[in-house]
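As C-alpha cells, the structure follows; a few thoughts come after it.
Keep in mind the model is a prediction, meaning the values are calculated, not measured. Below, chains carry the letters A, B, ... as their sequence lines are ordered, and counting in each starts from 1.
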Amino acid sequence: MLFIDFRQHVLAVVRQVLADKGLTDADYMNVALEAPKEESHGDLATNAAMVLAKKVGMAPKALAEMLLEGLKVHEAVEAVEIAGPGFINFRLKTSALIGQGVAATAAGGAYGTLKAADTRKAMVEYVSINPTGPIHVGHGRNAVFGDAIANVLEKAGFPVWREYLVNDSGNQINVLVRSLHARYMQLFGHDVAVPDNGYPGEYLIEVAEKLKARDGDKWVSETDEQVLLRELRSFAVETCLDLIKQDIQTLGIEFDRYFSEFAMHQTDRMAEVVAILRNKGLVNEGTLPPPKGKEIADYKPVELTLFKATEFGLAEDQAIYNRAGMPTYFGQDIAYHYDKLQRGYELLVTVIGIDQTGAFKPLAKAIEALTGRGDVYHPVAYEMVKVMRNGEPVKLSKRAGNIVLLSDVLEEVGTDAFRFTMLTVKPTTTLVFDLAHAVAKTMDNPVFYVQYAHARLCAVERQREELGIPALDAAKLDVATMKISAEARSVLREIMLYPALIEQAARSLEPHRLTFYAQSLAAAIHRWYAAEKWLDSADVRATHERLAVAFAARTVLADVLKLCGVNAPTSM
RNA sequence: GCGCCCGUAGCUCAGUGGAUAGAGCAUCAGCCUUCUAAGCUGUUGGUCGCAGGUUCGAUUCCUGCUGGGCGCGCCA
C-alpha cells in the first residue's frame, strides 16, 4: 500500500542520511508521516527534521535540506518542499494516487488490511452485562465500541476472539432468583413484594410467565430458598441472557463465545491462579482497614485472602475471597483473566463502563505479575450515556424501573443510526444522546450523510448501464495518462490515507476515528459529485476514468462502514 | 477525604508539542432543463475553564485552582 510503502521509504532515507550521527531506535520513534491539515501543503508530510534536529545538533530547516535529496527519490513523488518550522511536505503524483485507487478496488475488502507487527492473539471482551435483565442504552455503547474495536484490530492484522463474560455465579444471581420468584408468586395471586435490593423491572414478569408456562405452580409452595436458588438459577440466567442476546443480535453482533463464570468455577482455575500469585509472594492473609467513603456501624475487621496491590504502589490490597469464603468480583476477575492467558491470548482488551473501573488497576497489576508484561491488559473505559428526552435527562439505573431500554431506542432510531452515533464520540467523553433528535432523523445524525454518499456511488453504476455506456474494464485504464479533476483527486487522497487510519484506530483502541474518516471521505465524494458530472456517453474514456475513482471510493467507504457495523446501502 | 473522566464556536463534539484550532447542527446568502438537493458553495461565530511551570514553540505535557460527571467495603 502506498502510504505504508512511502513511510518505509521516508524512514529508510532518514536513517541512511543520519547513519553516522549515533541516533538510536528510540530517537526515530517520533518520526511520523501524516497528512497535513491543509491540502495545499501537500499530500503527506514528515516531522523528521523537527523531531531529530536537536539530537543531531542542527537547525530543523538545515536538517530538512540535508534530507531533501534522498526523500525525492521515489516513484510516487512529484514535489518536495520545506515549509513552516521544518515540515517536509510531499506532493504525490496523481498517477500514484490513481494507481492506489485502482489497486484498492481490485483488493476489495482487503485494502487497508495490515500485517500486524506483533502477532499476538487478541481477545476483546465486551458487553458482559450481568444476566439479570435487559440491556439499556449505556450497555449499547459498550457493545458498539467493543465490536468496532474487535473489527479494527482484525483489520490491523491481529487474530481476534470476541467474548462475553456471563457473570452467572455471584450473589446477584441469588437476588435475581428471589425477585423472579416474587413475580412468579404474584402471578398466582400471592401478595409477595420484590425484595428491596432486588430487580423491580417489569421484564421479570415476562420471565415469570415463562416459568409458569414451563413448570406450572410447581414452585408456589416451595419454601426452601436453597432449593429455589439451585433449581431456578439456570432458568433465570438463561432467560435473562436470551433478552440480552436479542439486542445483541439486533445490533448485528456475534460473539465467538459466551463464557460462563459458573462453569469456570467448576474447574480449578481460581485455586491455580491464587496459588501462583501466592508463590510469587503476592497473596497472603491479612486484614483491610475500614472503608473510606462511608461509616459502617458494626464494622469488624476480619482476616481475608488478599492480593498485595500495595506492593505495586496502589493504596490498598484487594480481597480475593470475602469473609464467607466466596470469591470476590476481583477474585473472579483474576481467575477469568488467568483463564484467558491459559487459552493463549496475550492482548486482552476489556470494554468497561467508567463506573465499573474500580478494580481494573489492581487487576492490571495481577496480570502484569502473571505475565511479566505491562502491555497485555488494555481496559477501554467509556463514559456514561446521558439520555435526554424532551430536554429532560433520563436517569439510567438498572435497579430503577425507568431504564431506557436499548431495544426501544433501536426501534426508534434504527441500528445504523445508533451504532454510528455511538461511534462519533471518543470513549472518555460523556455522550449526550438526544432521543428527540435521533427519532427525528435530522441531519444531526451524520450516518445518513455517509450512507447517501455510498448510495450515490452505487446509483451511478446503475445509471451507466441505463445509458448504455460500456462497463469499466480496469485492466484497460491507462493510469499514467489519466486526467482527473481536483475533486476526484481529493477523494483518492482520502483513500490513500485509509491504512493510516486503521493503524491509528487499532493502536489507540479508539474506534470513533472510523466515523470521522467515513464523514471525511463522504464529504470528498459529495463535493466531487457536485463539481462535475461523472457519466458522459460522448466521452467513454473520461467516464471510465471517473468510474475508476468512484469504485475505489465505494470499496473503501463500504469497508469502513463495515468496521463500524453500519450498512452500506446501494440506494436510499 | 481519596481516585478516575471531562471543560474547545450558540448547541453536540473532533483534533494536535509546531503551519491560519476544525466538523455537523443552528443563523444568514446563494445553487436543481444536468448521474438521488438526505447534496454543494459562501457567511456569521473562539481568551481552546483560570493561573503558573517545562521549551525554540503549549490549546496539547506537568503542577495548582475552579466548575461538572462518575466511583470509593469483603456489595453488585
Side-chain angles (χ1 to χ4, degrees), chain A residues 30 34 36-38 41 45 47 50-51 53-54 59-60 83-87 89 130 132 167 170-173 175 197 287-294 296 299 301-302 304-306 314-316 318-331 353-358 360-361 381-384 386 398-399 421 424-434 437 441-453 455-464 466-467 487 512-513 515-516 519-520 522-523 525-536 543 546 550 571-572:
Chain A
N30 293 324
E34 51 199 11
K37 279 174 281 186
E38 291 270 337
H41 287 148
N47 60 355
M50 293 186 294
V51 171
K54 189 178 277 182
F87 287 103
N89 292 338
N130 286 353
T132 53
N167 198 323
N171 186 52
Q172 78 281 358
I173 299 302
V175 173
N197 293 325
T287 55
L288 291 173
K292 297 284 188 295
K294 46 185 165 179
I296 295 183
Y299 178 80
V302 66
L304 299 166
T305 304
L306 301 177
L314 299 181
E316 271 168 23
Q318 292 286 318
I320 295 173
Y321 295 97
N322 65 20
R323 64 177 60 201
M326 300 301 291
T328 62
Y329 256 53
F330 173 69
I354 196 83
D355 57 331
Q356 304 278 318
T357 52
F360 88 67
K361 272 189 183 177
Y382 65 95
E383 269 285 352
M384 304 279 95
K386 211 189 237 172
K398 191 162 198 169
R399 299 280 166 131
T421 304
T424 54
V425 174
K426 66 176 186 283
T428 52
T429 294
T430 306
L431 186 135
V432 178
F433 191 80
D434 194 317
H437 284 184
K441 290 194 178 184
T442 64
M443 284 313 292
D444 283 347
N445 194 331
V447 67
F448 299 108
Y449 182 84
V450 175
Q451 290 184 320
Y452 185 45
R456 275 184 156 173
L457 294 166
C458 295
V460 164
E461 172 64 1
R462 287 194 298 271
Q463 281 288 326
R464 192 242 351 125
E466 282 171 26
L467 291 171
E487 289 83 2
H512 69 285
R513 294 172 185 276
T515 58
F516 279 85
Q519 290 178 77
S520 179
I525 292 164
H526 285 310
R527 268 197 297 274
W528 175 37
Y529 189 91
E532 62 177 328
K533 204 172 175 210
W534 298 352
L535 300 174
D536 180 1
T543 299
R546 288 189 287 258
S571 68
M572 289 179 76

Tell me: [atom1] of [X] to [atom2] of [N], nearest whole Å?
{"X": "A/Glu532", "N": "B/rC35", "atom1": "CD", "atom2": "C1'", "value": "12 Å"}
{"X": "A/Glu316", "N": "B/rC2", "atom1": "CD", "atom2": "C1'", "value": "10 Å"}
{"X": "A/Met572", "N": "B/rC35", "atom1": "CE", "atom2": "P", "value": "18 Å"}
{"X": "A/Met50", "N": "B/rG57", "atom1": "CE", "atom2": "C1'", "value": "11 Å"}
{"X": "A/Lys54", "N": "B/rU54", "atom1": "NZ", "atom2": "C1'", "value": "11 Å"}
{"X": "A/Phe448", "N": "B/rA23", "atom1": "CZ", "atom2": "P", "value": "23 Å"}
{"X": "A/Asn167", "N": "B/rC75", "atom1": "CG", "atom2": "P", "value": "12 Å"}
{"X": "A/Tyr529", "N": "B/rU34", "atom1": "OH", "atom2": "P", "value": "11 Å"}

Roughly how many Å apart are [M] and [N], using the [atom1] atom of each and rounding to a whole number?
{"N": "B/rC28", "M": "B/rU44", "atom1": "C1'", "result": "7 Å"}
{"N": "B/rG68", "M": "B/rA29", "atom1": "C1'", "result": "39 Å"}
{"N": "B/rU12", "M": "B/rG45", "atom1": "C1'", "result": "16 Å"}
{"N": "B/rG49", "M": "B/rG30", "atom1": "C1'", "result": "38 Å"}
{"N": "B/rU60", "M": "B/rC6", "atom1": "P", "result": "14 Å"}
{"N": "B/rG24", "M": "B/rA14", "atom1": "C1'", "result": "10 Å"}
{"N": "B/rC35", "M": "B/rU27", "atom1": "C1'", "result": "32 Å"}
{"N": "B/rA19", "M": "B/rC31", "atom1": "C1'", "result": "33 Å"}

message = Which residues pass the salt bridge (Lys or Arg N to Asp or Glu O under 4.0 Å) test with A/Arg527, not counting sequence neighbours?
response = none
Partner set under salt bridge (Lys or Arg N to Asp or Glu O under 4.0 Å) for A/Glu38, not counting sequence neighbours = none
Determine the contact category for [X]: base if any of its heavy atoms lies under 4.0 Å from a base atom, sugar-phosphate if only primed atoms, P, OP1 or OP2 are that close, otherwise nothing.
{"X": "A/Glu487", "answer": "nothing"}
{"X": "A/Arg513", "answer": "sugar-phosphate"}
{"X": "A/Thr424", "answer": "sugar-phosphate"}
{"X": "A/Tyr329", "answer": "base"}
{"X": "A/Glu38", "answer": "nothing"}
{"X": "A/Leu431", "answer": "sugar-phosphate"}
{"X": "A/Asn30", "answer": "nothing"}
{"X": "A/Phe516", "answer": "sugar-phosphate"}
{"X": "A/Ala83", "answer": "base"}

Let's see if you can work this out: which of [options] has an atom nearest to the side-chain heavy atoms of [X]?
{"X": "A/Val425", "options": "B/rC75, B/rA14, B/rC74", "answer": "B/rA14"}
{"X": "A/Gln463", "options": "B/rC35, B/rA38, B/rG71", "answer": "B/rC35"}
{"X": "A/Trp534", "options": "B/rC13, B/rC35, B/rC74", "answer": "B/rC35"}
{"X": "A/Met384", "options": "B/rA19, B/rC70, B/rC74", "answer": "B/rC70"}

remark   = When rounded to the nearest 0.5 Å, the distance separating OG1 of A/Thr328 from CG of A/Leu304 is 9.5 Å
[X] side-chain N/O to [Y] backbone N/O, donor-acceptor pair under 3.5 Å:
{"X": "A/Thr305", "Y": "A/Tyr321", "value": "no"}
{"X": "A/Thr543", "Y": "A/Asp536", "value": "yes"}
{"X": "A/His526", "Y": "A/Tyr449", "value": "yes"}

Residue mapping more 5' on RNA chain B - nearest nucleotide basis, A/Pro427 or A/Ser571 = A/Pro427
ask   = Which residue, A/Lys533 or A/Met326, contacts RNA chain B at a nucleotide closer to its 5' end, judged by nearest heavy atom?
value = A/Lys533
Considering residues at least two apart in sequence or located in another chain, which fulfil the side chain to side chain contact (heavy atoms under 4.5 Å, CB included) criterion with [X]?
{"X": "A/Arg462", "value": "A/Cys458, A/Ala459, A/Thr570, A/Ser571"}
{"X": "A/Asn47", "value": "A/Val31, A/Ala32, A/Met50, A/Val51"}
{"X": "A/Tyr529", "value": "A/Arg456, A/Val460, A/Trp534"}

ask   = Going by ring centres under 5.5 Å and near-parallel planes (under 30°), is A/His512 stacked on B/rA14?
value = no
inquiry  = Apply the syn/anti split at 90° from 0 to B/rG73 and say which one it is.
reply    = syn
task = Pull up the glycosidic torsion of B/rC50 and say syn or anti, syn being anything within 90° of 0.
result = anti
Output all residues satisfying side-chain hydrogen bond (donor to acceptor under 3.5 Å, both in side chains) with [X], sequence neighbours left out; order by chain, then residue number.
{"X": "A/Tyr329", "answer": "A/Asn130, A/Asn167"}
{"X": "A/Glu487", "answer": "none"}
{"X": "A/Gln519", "answer": "none"}
{"X": "A/Thr421", "answer": "A/Asn445"}

ask   = Taking all non-hydrogen atoms of both residues, which atom of A/Thr357 and which atom of A/Ile354 are closest, and how far apart?
value = OG1-O, 2.7 Å
query = Can you name the closest pair of heavy atoms from A/Ala522 and A/Ala453 and give their distance?
reply = CB-CB, 3.8 Å
Side-chain N,O (A/Asn322) to OP1/OP2 (B/rC75) below 4.0 Å = yes
Give me the distances for all protein-to-nucleotides 40-46 of chain B N/O pairs that come in under 3.5 Å?
residue, atom, partner, partner atom, Å
B/rC40, OP1, A/Tyr449, OH, 2.6

Table of protein N/O atoms under 3.5 Å from nucleotides 3-11 of chain B N/O atoms:
residue, atom, partner, partner atom, Å
B/rC5, O2', A/Glu383, OE2, 3.4
B/rC5, O2', A/Thr428, O, 2.8

query = Hey, does the side-chain of A/Asn47 have a donor or acceptor N/O within less than 3.5 Å of a partner on the base of B/rA19?
reply = no
task = Runs of at least three consecutive Watson-Crick or G-U pairs, both distances under 3.5 Å, are what I'm after; which ones involve RNA chain B?
result = B:1-7 with B:66-72, B:10-13 with B:22-25, B:28-31 with B:39-42, B:49-53 with B:61-65
